[in-house]
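First comes the structure, then the notes that go with it.
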Number of protein chains: 2
Amino acid sequence: MSLQMALEVERSSDDSLTSQIQQFIKNEIAAGVLHPGTRLPSSRRLASDLDVSRSVVVEAYGQLVAEGYLEAAQGSGTRVVDHLPASGAVVPALLDEGWVPAVRWDLRPGAGNTPAFPRREWLGCYQRALQGAGPESHAYPPLAGMAELRIELARYLGRARGVRTTPGEVLVVSGFAQALGLLCGVLPQFGITELGMEDPGHPGQRQFVRESGLRPVPVPVDEDGIDVDALARTGVRAVVVTPAHQFPTGVGLTPARRAALAAWAREVDGWVIEDDYDGGLWYERGGRPLALQRLDPERVVYAGTASKTLAPGLRLGWVAAPPQLLGPLLRHRARHDLGTESLTQLAFAELLRSGLFDRHLRRITTLCRSRREALVEAVRKHLPGTTVLGARAGLHAYLRLPPGTDEAALVAGALRRSVLVRGAAGFHVRRPWDAPALVVGHAHLPRSALTEAVRHLGSVGHWFEPSASPRPGSSAASAGRRWS
Amino acid sequence: MSLQMALEVERSSDDSLTSQIQQFIKNEIAAGVLHPGTRLPSSRRLASDLDVSRSVVVEAYGQLVAEGYLEAAQGSGTRVVDHLPASGAVVPALLDEGWVPAVRWDLRPGAGNTPAFPRREWLGCYQRALQGAGPESHAYPPLAGMAELRIELARYLGRARGVRTTPGEVLVVSGFAQALGLLCGVLPQFGITELGMEDPGHPGQRQFVRESGLRPVPVPVDEDGIDVDALARTGVRAVVVTPAHQFPTGVGLTPARRAALAAWAREVDGWVIEDDYDGGLWYERGGRPLALQRLDPERVVYAGTASKTLAPGLRLGWVAAPPQLLGPLLRHRARHDLGTESLTQLAFAELLRSGLFDRHLRRITTLCRSRREALVEAVRKHLPGTTVLGARAGLHAYLRLPPGTDEAALVAGALRRSVLVRGAAGFHVRRPWDAPALVVGHAHLPRSALTEAVRHLGSVGHWFEPSASPRPGSSAASAGRRWS
């Protein structure tokens, strides 16, 4: 091995070279510069780098091993020992992030809630991409994305989602979050400082928009999707929607509402941001909605992501942008980073080009459909009076509980039974018309685990109030079955 | 193959199923939804998806092939033909980005100016990372970076650059640009709205800072690096510096200036941002400077990047941040994206852990040293009176031309000889004390090409004025040799 170490010796010093090396390493360990477990250069290598005799380094290393600073591991050279008291706090501090209770069944939607990553196919595509990569593929990527991927995305989005776009209008981004952040940065240039957001919706997304400097304005969702009349009354000129499979209720935006939404955007000289977050995963033959964007590519920003169909860790998303927004989005991005990692882009282009992405989608659709069926069956059996909404698509389901159920008590009781599940309350800004309910991520769990988890949910004491009647004024309470 | 296509048929329609499919595909092509070259599902697959007889699809496809919309390619199924007049403008539009004249020798520093990417080693590390990746590696990455990489970076930076940090203080970012963007976003929280920047320096970086909302304030650089007295007089409280190998002049910040800079930061309650952009590539035995950051980890933000040592396309950088800035940087990042791609992080962690990164650095150091020697030799031979500055390190060199040389005429003449080179003028904000000069990226070119390119530079007419005397008032004019 040819490890480097930042270390100089002073030939004219009174100190011997061995002692200088020894003292330097001790000091660097004490100062926390050299960390526990750090491998050091071989004595041969360090001696050559310092232009000293090898025995000088051998002696210094030997002394430090004897003193307990270094250890000589068979076959892997010399390293700083692992158990230095000075740095014990390091790893626990790292683990602080994103702590959640250790539970047996994690039914939360979102992070981690994706089926298996297609490891073999991805690696093959990455390898082909790397083999075909010339120097230009390793240079700074174009801010809008690699041409190879923009071309494949335009083809794929047209073919599979009915998006009307061209490679020149496709932007590759580091996940939907970046797309939304860029849009929040650009909309004020058009006099837009408020952003309509579905209610219920994604609480993290509301928070993200607020921190990006725009004011999120909740717009109610009913069984036909977002209420476009209510949207018009808010006076906002831009809105984020999830038309294919509303998050979290799972309702689909009806054709009439779609037309009304596109007309609204033209009327207010504004934009609809279509968050096609679950990539059109669809479990039934027929009825799969096309992108809303095709109704008006000048007024609808289509945004997709690899987070649900491949993995959030890829941080890969894309936007089919109206021409008017294209330049502003790129100029805004140039203030924040210099593009998305290029080899990941090329690997994904290859996955699309080769048809392996479609094959993967088929496979996870089959898998998730089967898991969804297990969930629906378990709910029927163990949670009487509960309706599963949005069951035709996506990686999560919305379980509408019988009226009168104490949602919070159910969630707390579930946790005591080692089931981590989210109640609908956290997704609502205003009156929870469609609550009590649970939002259940199911795509990552095998059928047996889903059945078990739901059985435990059903065993949580007196959460079910069969005698409660629908709340007055809540039209959805009785309409549930229409859009389940 | 199992390609998907967004297409529905209406069984109750007057139109035959074949005609519906045919018409749909024609319309989608005309609308630009289905792009030239798009592969379509096999007739068997589409028939199965639509639940129609295969002959229905075969007939529709056949008709469209006959009409010139589709083509049946041997072995790769059916695709939309490539030459549809409607979309001819697509690819040229993509190529508009980053246009440069086609030249034989591109001596620009920066983008693309990196030696060969270690393809085999990287792929091996990526593969091992992917094989060892559990579900958590595919989930949303921690905003600060994957723990595996933060641990390896803390070890590496301590060992190889003398940085004093811990894994908990290391942030993984999508390139130095993102690090700088985040810092520009955070400094105003501490009342800092102006940022000192080296003059001469990187023009793109100045522009980036300006667009990020801070005012860049030029601070002169002399033969000892940035002028700390001049910095203090500006009244700014934060500054970006390149202490190891100043960009573009190549001078090193002297020990006295380093100490003064750290003291200045404490005094003004501000920060020094250390841009260690060329990763400590060093061509001589001894004298390699350690990170400035070690003088005061509370006041110096250390930032590094894989752009020069591996590839800009990886969009991978890191920051060792003072504890006071850590939280604000993470909170600010949470408004822009949700972290850096995880598999690339894990692959780089593996490259560091295995020692392959050090081996790669040794290899490119040897290579770049040899190229640097060729450059120095060619300059001696073909550009008499020119001094090569900063020759001990880095991927570019600063060629100080004889006083009186018409820099702009030389650059223009070079371009006529198919040599693209940057004059120093573009890097200066104020009086170019160290001009006329050329900034030459050499690391990507073989020795023979460098020799040839410099020979052509030398052949550019009357650019050399041997009789010109040093400009009065320019101390550097005569001091050049001291720091070359």
Side-chain angles (χ1 to χ4, degrees), chain A residues 1-6 8 31-35 38 51 90 93-94 97 111-112 117 119 123 127 130 135 137-142 147 154-155 158-162 164 166-168 174-175 177-178 181 211-212 285-286 290 311-315 335-338 341-342 344 355 358-359 362, chain B residues 1-6 8 31-35 38 51 90 93-94 97 111-112 117 119 123 127 130 135 137-142 147 154-155 158-162 164 166-168 174-175 177-178 181 211-212 285-286 290 311-315 335-338 341-342 344 355 358-359 362:
Chain A
M1 268 312 133
S2 45
L3 300 175
Q4 300 192 359
M5 183 157 62
E8 305 278 342
V33 176
L34 284 174
H35 293 269
T38 299
D51 202 13
V90 163
L94 283 176
E97 289 172 340
F117 186 76
R119 188 178 297 195
L123 186 62
Q127 186 163 5
L130 189 53
S137 306
H138 293 297
Y140 288 92
R155 286 177 176 165
R159 168 169 60 76
R161 307 290 298 125
R164 282 164 61 191
T166 63
S174 302
Q178 187 178 54
E211 298 203 336
S212 297
R285 201 185 281 278
L290 298 188
L314 292 179
R315 307 309 310 122
R335 292 175 207 172
H336 295 292
D337 67 26
L338 296 179
E341 204 276 309
S342 54
T344 305
D358 284 76
R359 203 166 72 181
R362 297 252 177 208
Chain B
M1 268 313 134
S2 45
L3 301 175
Q4 300 193 359
M5 184 157 61
E8 305 278 343
V33 176
L34 284 174
H35 294 271
T38 299
D51 203 13
V90 164
L94 282 176
E97 289 172 339
F117 185 76
R119 188 178 298 194
L123 186 62
Q127 187 163 4
L130 189 53
S137 307
H138 293 299
Y140 288 93
R155 286 177 176 165
R159 167 169 63 74
R161 306 291 297 126
R164 283 163 61 191
T166 62
S174 302
Q178 187 179 53
E211 297 202 336
S212 296
R285 201 187 282 277
L290 299 188
L314 292 179
R315 306 310 309 122
R335 293 175 205 170
H336 295 292
D337 67 27
L338 296 180
E341 203 276 307
S342 55
T344 304
D358 284 77
R359 200 164 77 180
R362 297 251 177 210

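Letters go in sequence order (proteins before strands), and every chain restarts at 1.
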* To do: Sort Gln127(A) into side chain, backbone, both or neither according to what part of it lies under 4.5 angstrom from a heavy atom of chain B.
  => both
* Asked: Looking only at heavy atoms, what is the nearest atom pair of Gly162(A) and Ala6(B), with distance?
  -> N-CB, 4.0 Å
* To do: Quick one: closest heavy-atom pair of Gly313(B) and Pro141(A), and the distance?
  => CA-CD, 4.1 Å
* Structure fact -> Rounded to the nearest 0.5 Å, the CD atom of Glu341(B) sits from the CD atom of Glu341(A) at a distance of 6.0 Å
* Asked: When rounded to the nearest 0.5 angstrom, what distance separates CG in Asp337(B) from CZ in Arg315(A)?
  -> 7.0 Å
* Asked: Between Leu123(B) and chain A, which part of the residue has a heavy atom less than 4.5 Å away: side chain, backbone, both or neither?
  -> both
* Structure fact -> CG of Leu3(B) to CZ of Arg359(A), rounded to nearest 0.5 Å, is 10.5 Å
* **Minimal non-hydrogen separation, Asp358(A) against Ser2(B), with atom names** => CB-O, 3.3 Å
* Find the one option among Glu8(B), Gln178(B), Arg161(B) whose heavy-atom pairs under 4.5 Å with chain A are most numerous. => Glu8(B)
* chain B contacts, top residue of Ser342(A), Ser212(A), Ser174(A) (heavy-atom pairs, under 4.5 Å) -> Ser342(A)
* Asked: For the side chain of Arg159(B) and the backbone of Thr38(A), is there at least one donor-acceptor N/O pair under 3.5 Å apart?
  -> no
* To the nearest 0.5 Å, how far apart are CG in Leu314(A) and NE2 in His138(B)? -> 8.0 Å
* Structure fact -> Turns out that what part of Arg119(A) lies under 4.5 Å from chain B's heavy atoms comes down to both
* Considering all heavy atoms of both residues, which atom of His336(A) and which atom of His336(B) are nearest to each other, and what is their separation? -> CE1-CE1, 3.3 Å
